[in-house]
Amino acid sequence: MAKKVITILEDADGVIIEIRTNGRRVNYECEDLDEALEVLPHLDELQTGDL
């Protein structure tokens with residue numbers, strides 16, 4: 001499995017989960033921190049488009 005760096009950024013507009021893997025960067029926007037924390041266990045499905 002590739003090494004992943006996951007950053008969670010919260011601001012007034014919501015939360016962004018940023019995933020960096022082997023030079024690739026993907027952002028996922030969430031409404032709030034609770035939603036972002038619910039999504040975290042499913043990051044693999046998000047990246048493959050299965051979720």
Side-chain angles (χ1 to χ4, degrees):
M1 178 182 274
K3 184 175 170 181
K4 295 178 185 177
V5 176
I6 301 169
T7 305
I8 300 173
L9 304 167
E10 183 178 26
D11 64 14
D13 296 328
V15 176
I16 296 174
I17 300 174
E18 178 184 84
I19 304 169
R20 290 177 287 176
T21 306
N22 297 334
R24 183 173 173 230
R25 181 179 292 188
V26 180
N27 290 331
Y28 299 101
E29 295 183 18
C30 301
E31 289 185 25
D32 56 29
L33 189 56
D34 288 334
E35 180 183 349
L37 294 174
E38 288 178 18
V39 168
L40 283 177
H42 307 286
L43 289 178
D44 289 334
E45 290 96 350
L46 279 173
Q47 289 187 293
T48 60
D50 292 339
L51 187 63

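Sequence positions, counted from 1, serve as the residue numbers for this chain. The figures that follow rest on heavy atoms only: side chains count, while hydrogens, waters and symmetry mates do not.
In E35, the CD atom is crowded: over 12 heavy atoms of neighbouring residues, nucleotides or ligands sit closer than 6.0 Å.
In this view, N22 and A2 satisfy the side chain to side chain contact (heavy atoms under 4.5 Å, CB included) rule, not counting sequence neighbours. With sequence neighbours left out, the side chain to side chain contact (heavy atoms under 4.5 Å, CB included) criterion links L37 to L33, L40.
V39 is connected to V15 through a chain of hydrophobic side-chain contacts under 4.5 Å among Ile, Leu, Val, Met, Phe, Trp and Tyr, so both are in one cluster. Linking ILVMFWY side-chain heavy atoms closer than 4.5 Å, directly or via other members, places I16 and V26 in two distinct hydrophobic clusters.
The line from CD1 of I6 to CD of E18 is 10.5 Å long, rounded to the nearest 0.5 Å. How far CG of D13 is from CG of D11: 5.0 Å, rounded to the nearest 0.5 Å.
A pairwise comparison of heavy atoms in C30 and A36 identifies SG-CA, 3.7 Å as the closest pair.
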